[in-house]
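The shown structure was predicted, so the numbers you read here are calculated from the model rather than taken from an experiment. Residue numbers begin at 1 in each chain, while the letters A, B, ... track the order of the sequences.
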There are 2 protein chains.
Amino acid sequence: MTKTPAKPANAIRAKPTKPRREKAAQGRMSAQPEPASEPPSGRVARAAERREAIIVAAMEEFVGRGYAATRLDDVARRAGVAKGTIYLHFKDKEALFEELIRTAIVPLVNRIVPPANPGGSVRDMIELFARAFIQEVATTQRADIIRLIVAEGPRFPAIADFYYREVVSRGLAKLRALIELGIARGELRQPELAHFPQIVVAPAIVAVIWKSLFENHSPLDALEMFRVHLDLIFGERRTT
Amino acid sequence: MTKTPAKPANAIRAKPTKPRREKAAQGRMSAQPEPASEPPSGRVARAAERREAIIVAAMEEFVGRGYAATRLDDVARRAGVAKGTIYLHFKDKEALFEELIRTAIVPLVNRIVPPANPGGSVRDMIELFARAFIQEVATTQRADIIRLIVAEGPRFPAIADFYYREVVSRGLAKLRALIELGIARGELRQPELAHFPQIVVAPAIVAVIWKSLFENHSPLDALEMFRVHLDLIFGERRTT
DNA sequence: TGACAATGACTGACCAGTCAGTCATGTTTT
DNA sequence: AAAACATGACTGACTGGTCAGTCATTGTCA
């Protein structure tokens with residue numbers, strides 16, 4: 001995409017040779033076992049480890065500076081890897097970014113959606129659902145991932161699509177089912193709510209944004225806000 | 001990222017001087033006083049006009065590409081102005097960006113906050129408030145300004161501060177007053193709502209984000225969603 | 001005819017992406 | 001078991017291009 005004009009290729013590589021000496025020390029002597037994640041010894045394991053490190057580093061950089069302003073040099077440095085290594089694992093900056101979002105989102109969804117709680121009230125189920133979301137996202141720096149998606153989504157349709165497919169439509173479908181169950185059971189008396197499950201999660205979304213932008217201006221108790229919201233939806237609250 | 005056409009690059013630094021001719025015509029002769037935004041003839045007026053054009057152009061570019069990816073060359077071209085002219089009006093890219101948000105936000109707030117409606121019900125007042133917001137923002141491309149603030153806010157504390165001060169705290173204060181009035185009048189029976197006025201506007205915020213990211217996946221009737229939400233808050237709806 | 005607004009070619013810094021070369025690790029031979 | 005060899009993960013200097021910001025020159029108004 002980037003290049004239109006023909007590439008002049010490389011003319012005469014000057015002196016690429018450079019005594020690489022001290023660098024060896026930085027490599028791995030066989031004697032010392034690693035600090036944290038032990039010596040994987042297998043080449044593949046090592047590679048996977050580095051790939052992981054790159055993703056983690058890239059996450060921090062992209063979240064902190066946005067897509068365009070992030071330098072791959074910084075990502076490499078943070079990952080403790082040379083820039084070229086990034087390109088062994090990802091086609092280009094964009095591929096890294098998209099892959100990043102994917103690997104961040106999937107485990108997030110799995111952690112939140114599953115609780116297919118057995119026989120509690122619908123309110124309890126929704127509360128669990130939302131509580132998990134708020135605790136796993138709004139409270140942590142994972143909120144910034146959401147902000148990143150909102151910020152860059154329109155420029156990366158692949159990401160917006162993926163996010164819609166894997167998170168939004170799935171979550172809303174689940175929510176809608178719960179709402180319908182609540183209506184059938186008489187816990188909920190607003191049948192039209194099933195058309196707009198977004199209303200149920202709206203305060204959680206707002207909490208995420210609030211945390212990112214205004215937390216230092218005025219902190220927000222997301223969980224308490226959500227409880228009040230549920231009182232609105234389900235009528236008077238049972239004692240807590 | 002994306003490169004446009006093959007840029008002549010700096011192949012042969014030609015003669016710096018270039019007779020600028022036709023451009024003059026595009027300027028304004030002093031003779032004809034035009035209808036609308038016309039031959040201001042005054043230097044100051046002209047200057048203000050250009051400044052305005054730059055802001056409009058910058059708005060479109062920043063909204064479409066984000067801060068970092070926006071090129072001032074493009075802003076200049078879109079504004080029908082040379083790049084240097086931008087620097088006659090703004091210290092640098094960042095100053096332009098911040099000024100931009102400021103001038104976009106203020107009129108927006110004035111258009112929405114004012115309706116200090118006289119003696120309707122609280123629900124009517126809130127509905128008016130929110131309807132104005134949804135019609136003025138969620139429906140239009142102004143929604144992208146909000147997204148822009150969410151996206152770039154953390155990187156531009158001055159903007160987040162300004163936005164919090166001028167829009168958020170002001171809007172929430174107004175809303176809180178309305179909620180308290182509603183409680184006093186007995187229209188609202190959830191006193192704790194006054195602690196979280198965010199709940200009232202949450203669906204509108206969500207609508208804004210939805211429009212930006214998912215409108216093509218699944219359109220959302222923001223106004224209708226908000227009506228359902230108000231039913232939740234105020235209890236059963238009066239016929240509509 | 002100044003004085004100042006406007007211009008756009010130019011510079012300097014910056015950065016995505018490349019690739020020749022290095023070396024730790026694993027494999028085969030002796 | 002040890003030495004010779006093969007592999008490919010890894011490195012980082014380098015290229016081609018981009019872009020914010022500058023400034024000498026030119027145009028225009030009062």
Side-chain angles (χ1 to χ4, degrees), chain A residues 1-21 23-30 39-51 54 68-77 79-96, chain B residues 1-4 6-21 23-30 39-47 50-51 54 67-77 79-96:
Chain A
M1 70 174 70
T2 330
K3 255 344 78 75
T4 311
K7 208 62 139 306
N10 31 337
I12 306 118
R13 287 295 178 157
K15 38 178 36 293
T17 326
K18 198 61 151 312
R20 185 129 321 90
R21 198 36 33 83
K23 214 39 176 146
Q26 176 256 39
R28 186 166 324 283
M29 289 288 70
S30 50
S41 89
R43 302 252 282 256
V44 256
R46 291 276 306 280
E49 207 174 55
R50 272 152 191 273
R51 190 191 151 93
I54 291 169
T70 291
R71 292 176 292 253
L72 291 193
D73 281 299
D74 289 346
V75 172
R77 190 174 322 125
V81 153
K83 180 144 66 118
T85 306
I86 293 175
Y87 289 88
L88 297 178
H89 294 279
F90 306 94
K91 183 174 146 288
D92 57 16
K93 191 183 183 185
E94 192 170 328
L96 169 59
Chain B
M1 59 183 78
T2 329
K3 201 50 340 141
T4 325
K7 217 56 151 302
N10 24 342
I12 308 124
R13 289 337 181 111
K15 58 271 284 6
T17 325
K18 196 67 145 309
R20 181 105 329 79
R21 198 37 35 79
K23 209 39 173 150
Q26 176 255 41
R28 183 125 294 95
M29 290 289 61
S30 52
S41 90
R43 302 253 281 254
V44 256
R46 291 276 307 279
R50 273 154 189 273
R51 190 190 151 93
I54 291 168
Y67 177 80
T70 290
R71 292 174 293 249
L72 291 193
D73 280 300
D74 290 347
V75 172
R77 190 174 323 123
V81 153
K83 180 146 67 121
T85 306
I86 293 175
Y87 288 89
L88 297 178
H89 293 279
F90 305 93
K91 183 174 147 287
D92 56 16
K93 191 183 182 185
E94 190 170 327
L96 169 59

Asks: Whole-Å distance between C:dT7 C1' and B:Ile86 CD1?
Replies: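 The answer, rounded to whole Å, is 12 Å.
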Asks: Show the nearest heavy-atom pair for residues B:Tyr67 and B:Lys93, with the distance to one decimal.
Replies: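 That would be O-NZ, 3.0 Å.
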Asks: If you fit an axis to the five pairs at each end of the helix from C:dT1-D:dA30 to C:dT30-D:dA1, how big is the angle between those two axes, to 10 degrees?
Replies: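 The helix from C:dT1-D:dA30 to C:dT30-D:dA1 shows an end-to-end axis angle of 0°.
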Asks: To the nearest Å, how far apart are A:Leu72 CG and D:dT11 P?
Replies: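 Atom CG in A:Leu72 sits about 15 Å away from atom P in D:dT11.
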Asks: Among all residues two or more places apart in sequence or in another chain, which pass the ring pair (Phe, Tyr, Trp, His ring centres under 6.0 Å) test with A:Tyr87?
Replies: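 In terms of ring pair (Phe, Tyr, Trp, His ring centres under 6.0 Å), with neighbours along the sequence ignored, A:Tyr87 is linked to no residue.
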Asks: Name the residue from A:Val75, A:Val81, A:Asp74 that meets the side-chain contact (heavy atoms from CB on, under 4.5 Å) definition with A:Arg77.
Replies: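 Exactly one option meets the side-chain contact (heavy atoms from CB on, under 4.5 Å) with A:Arg77, and it is A:Asp74.
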Asks: Taking atom C1' of C:dA9 as reference, at what distance in whole Å does atom NZ of B:Lys83 sit?
Replies: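 So the two atoms are 10 Å apart, to the nearest Å.
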Asks: Calculate the interatomic distance between A:Asp73 atom CG and D:dT15 atom C1'; express it in whole Å.
Replies: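 In whole Å, D:dT15 C1' and A:Asp73 CG are 14 Å from each other.
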Asks: In this structure, how many angstroms lie between the C1' atom of D:dT11 and the CD1 atom of A:Ile54, rounded?
Replies: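 Answer to the nearest Å: 12 Å.
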Asks: Looking only at heavy atoms, which two atoms of A:Arg50 and A:His89 are closest? And how far apart?
Replies: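 Closest approach of A:Arg50 to A:His89, heavy atoms only: CB-NE2, 4.4 Å.
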Asks: Please list, pair by pair, any protein nitrogen or oxygen found under 3.5 Å from a nitrogen or oxygen in nucleotides 3-6 of chain C.
Replies:
| residue | atom | partner | partner atom | Å |
| --- | --- | --- | --- | --- |
| C:dC4 | O4' | B:Arg43 | NH2 | 3.4 |
| C:dA6 | OP1 | B:Arg50 | NE | 3.2 |

Asks: Taking OH from A:Tyr87 and P from D:dA9, how many angstroms apart are they, rounded to a whole number?
Replies: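 Going from OH in A:Tyr87 over to P in D:dA9 covers 18 Å.
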Asks: Quick one: list whatever passes side chain to side chain contact (heavy atoms under 4.5 Å, CB included) with A:Ala76, sequence neighbours left out.
Replies: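 With sequence neighbours excluded, A:Ala76 shows a side chain to side chain contact (heavy atoms under 4.5 Å, CB included) to A:Lys83, A:Ile86, given in chain and number order.
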Asks: Tell me every residue that passes side chain to side chain contact (heavy atoms under 4.5 Å, CB included) with A:Ala48, counting only those two or more places apart in sequence or in another chain.
Replies: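 So A:Ala48 forms no side chain to side chain contact (heavy atoms under 4.5 Å, CB included) with any residue.
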Asks: Assign each of A:Gly84 and A:Ala69 to its nearest nucleotide of DNA chain C by heavy atoms, then name whichever residue's nucleotide is nearer the 5' end.
Replies: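 It is A:Ala69, whose closest nucleotide lies nearer the 5' terminus.
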Asks: With sequence neighbours left out, write down each residue that passes side chain to side chain contact (heavy atoms under 4.5 Å, CB included) with A:Ala68, or none if nothing qualifies.
Replies: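 Side chain to side chain contact (heavy atoms under 4.5 Å, CB included) check on A:Ala68 returns B:Ala68, B:Ala69.
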Asks: Report the distance from atom CD of A:Glu94 to atom C1' of C:dC15, rounded to the nearest whole Å.
Replies: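 About 16 Å, once rounded to whole Å.
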Asks: Identify whether any heavy atom of B:Lys93 sits under 4.0 Å from a base atom; if not, whether one sits that close to sugar-phosphate; answer base, sugar-phosphate or nothing.
Replies: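 Here B:Lys93 touches the backbone only, sparing every base.
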Asks: For the pair made of CZ in B:Arg71 and C1' in C:dG8, what is the distance, rounded to whole Å?
Replies: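 After rounding, the reported distance stands at 17 Å.
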Asks: Working to the nearest 0.5 angstrom, can you tell me the gap between B:Leu96 CG and B:Arg51 CZ?
Replies: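 Reported value, rounded in 0.5 Å steps: 9.0 Å.
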